[in-house]
Amino acid sequence: MRLNRNGGFALFLIACGALILLDKVGFGFGWLMGYLIPLAMVGLGFYGVKNGKTFFGWVIMVIGAIILLGKFTGFIGILIAIGLIGYGVTSLKKNATY
C-alpha cells in the first residue's frame with residue numbers, strides 16, 4: 001500500500017474518527033479531543049496560509065489559537081507563578097548582605 005500526497009491527512013481523519021468512536025463506546029479520550037480539535041484548526045489554518053488562502057487560513061488559525069489559549073490557562077498560570085517565585089528568590093539573593 002502506497003500513500004499518496006493526501007495520505008497523511010486521511011490517516012489523521014481516521015485517527016480522529018477512531019478517537020470519537022472509542023469515546024462513545026466508553027473508553028474516554030474526550031480530554032484528548034478537546035486539545036486535538038484546536039490543534040487541527042491551527043494546523044489547517046497554517047496549511048491554508050501556506051497555500052495562498054491567507055484570509056480564511058488566518059481566521060481558522062487565530063480561532064484555534066484562542067481555544068488553545070483557553071485550554072492552557074491553568075498551565076500558563078503555573079508558569080507565571082514559577083517565574084514570580086524565581087524572580088523573588090533572585091531578588092532576595094541579590095539584595096542579601098553577609
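Each residue takes its place number in the sequence, starting with 1.
Criterion: ILVMFWY side-chain heavy atoms under 4.5 Å apart, direct or through other members. Under it, F75 and V42 are not part of a common hydrophobic cluster.
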Would you give me the side-chain donor-acceptor pairs under 3.5 Å for residues 79-90, sequence neighbours excluded?
{"residue": "T90", "atom": "OG1", "partner": "G86", "partner atom": "O", "Å": "3.1"}
{"residue": "T90", "atom": "OG1", "partner": "Y87", "partner atom": "O", "Å": "2.9"}

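Annotation: ring-ring contact (aromatic ring centres under 6.0 Å, His included) contacts of F46 (sequence neighbours excluded): none. Taking L39 as the reference, L68 meet the side chain to side chain contact (heavy atoms under 4.5 Å, CB included) condition, with sequence neighbours excluded. The side chain to side chain contact (heavy atoms under 4.5 Å, CB included) test applied to I67 returns P38, M41, I63, K71, not counting sequence neighbours.
Environment of CZ in F56: sparse, with no more than 12 heavy atoms of neighbouring residues, nucleotides or ligands closer than 6.0 Å.
Expressed to the nearest 0.5 Å, how far CD1 of I60 lies from OH of Y47 amounts to 13.0 Å.
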